[in-house]
Amino acid sequence: MKEQTYILKNFSEFEPKHIFECGQCFRWNKEEDGSYTGIFNENVLNVKKENGQIIFKGICKQDIKKVCIKYFDLERDYKKIKRKITIDEYMREAIAYGSGIRILNQDLWEVIISFIISANNNIPRIKGIIERLSKAYGKPIKYNGKTYYTFPTKDELFNVTIEDYRKLGLGFRDKYIYKTVHTIDLETINTKEDLLKLSGVGEKVADCIMLFGMNKFEVFPVDVWVRRVMNDLYIKSENEEKVNKEEIRKLAKEKYNDLCGIAQQYLFYWKREA
DNA sequence: CACCAGGCAAGCC
DNA sequence: GGCTTGCATGGT
């Protein structure tokens, strides 16, 4: 396939590091020149910010401009979003820290499986598992002398056994993935209730799937990091582990309303990097 | 060595 | 319904 290029000029609120390292995605990796290369759907792209321009290069089945506008959420006004959620000095600082974050428009299936894998796991290891899973069961795509692998579809995982998953290092999540592959009907996934029926999907994973795979910005996924930052900033309990997650979600709802999810990303990236 | 990681399911009461 | 416990693995 032929390489395409798309260049974005005079475009603010786009910082590759912030976008790819804020924890929303697992398949983008930094190159030596500071750019990032990743694969999503059947597209392999390299994203580089240089002299204020954003340069997208890679192989896409469709027009690269269309692909990028959708995937990178380029038509949304993040300046306006930031204004709305800057309700105090804490959020001002968090936003300043991850100023170039955008919420990617990721494939729902990939997000579901990826965040089931994320449970009680750390980001480097999640990335490793997803790479091994893709290499074993996805389709190869060559770009710039390297081979990338698409995220395996439901059909491609259908005959994979629990033991196979275990060998890839999925740990106790092997059976969750197996069950979900064999019971899910993607066409009927619309609400949080639908997600919670899936094996391996609880409150936090469901919220991540809604935020990253369904464009629902009103959810506020609470993991250990977010609980930590919300307790440090607002709740100030001596026993952070005991702070009720429902209380945190309610507090976030009061503060950030329908933009909870974006606020959560700024907070997560800020607290986790610092 | 113990502890932790973008938690969840199962088993208790 | 809410609370506790076990869980695979790799990194500090």
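Naming convention: chains lettered A, B, ... in sequence-line order (proteins, then strands); numbering from 1 in each chain. Everything quoted here is computed from the prediction, not taken from an experiment.
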To the nearest Å, how far apart are K245(A) NZ and dG2(C) C1'? 15 Å
Is E31(A) paired with K48(A) through a side-chain N to carboxylate O contact shorter than 4.0 Å? no
To the nearest Å, how far apart are R166(A) CZ and dG10(C) P? 11 Å
Distance check needed: dC3(C) C1' versus E241(A) CD, whole Å only. 15 Å
Test item: S99(A) and H18(A) side chains (from C-beta on) under 4.5 Å apart, heavy atoms: yes
Mind checking whether Y143(A) and Y148(A) have parallel, tilted or perpendicular rings, split at 30° and 60°? tilted
Counting only side-chain N and O atoms of K175(A), is one of them less than 4.0 Å from OP1 or OP2 of dC8(B)? no
Can you give me the N/O atom pairs linking the protein to nucleotides 9-13 of chain B at distances under 3.5 Å, or say none if there are none?
residue	atom	partner	partner atom	Å
dA9(B)	OP1	L198(A)	O	3.4
dA9(B)	OP1	G200(A)	N	2.7
dA9(B)	OP1	V201(A)	N	3.4

Out of dA8(C), dG10(C), dT4(C), minimum distance to the side chain of N122(A) belongs to dG10(C)
Please report the distance, rounded to the nearest Å, between CZ in F115(A) and P in dG7(B). 10 Å
What orientation do H182(A) and F158(A) show, parallel under 30°, tilted 30 to 60°, or perpendicular over 60°? tilted
Residues of residues 219-237 of chain A with a heavy atom under 4.0 Å from any atom of DNA chain B, listed by number, are P221(A), D223(A), V224(A), W225(A), V226(A), R228(A)
So what does E203(A) touch, heavy atoms closer than 4.0 Å: a base, only the sugar-phosphate, or nothing? sugar-phosphate
In whole Å, I'd like the distance from the CD1 atom of I113(A) to the C1' atom of dC8(B). 15 Å
Which part of the nucleic acid does R173(A) contact within heavy-atom distance under 4.0 Å: base, sugar-phosphate only, or nothing? base
Could you measure between the two P atoms, the one in dA10(B) and the one in dA8(C), and give it in whole Å? 13 Å
Geometric class of the Y234(A)/Y90(A) ring pair [parallel <30°, tilted 30-60°, perpendicular >60°]: perpendicular
Just the rounded figure in Å: distance from P of dA8(C) to CZ of F172(A). 8 Å
Considering only dA5(B), dG10(C), dC8(B), which nucleotide approaches the side chain of R125(A) most closely? dG10(C)
Check the distance between dC8(B)'s P and I112(A)'s CD1 and give it to me in whole angstrom. 14 Å
With rounding to the closest Å, how many angstrom separate the C1' atoms on dA5(B) and dC3(C)? 22 Å
With heavy atoms under 4.0 Å as the rule, sort E246(A) into base, sugar-phosphate or nothing. nothing
Y137(A) versus Y149(A): any side-chain heavy-atom pair under 4.5 Å? no
Rounded to the Å, how far apart are I116(A) CD1 and dG7(B) C1'? 12 Å
Regarding C25(A), tell me which of base, sugar-phosphate or nothing describes its non-hydrogen contacts under 4.0 Å with the strands shown. nothing
Classify the nucleic acid contact of Y165(A) as base, sugar-phosphate or nothing, counting any heavy atom under 4.0 Å across all strands shown. nothing
Do the ring planes of Y97(A) and Y269(A) sit parallel (below 30°), tilted (30 to 60°) or perpendicular (above 60°)? tilted
Mutual orientation of the aromatic rings belonging to F20(A) and Y36(A) [parallel < 30°, tilted 30-60°, perpendicular > 60°]: tilted
Does R92(A) pair with E89(A) as a salt bridge, N-O distance under 4.0 Å? yes
If I compare all heavy atoms of C208(A) with all of F115(A), which pair ends up nearest, and what's the gap? CB-CD2, 3.6 Å
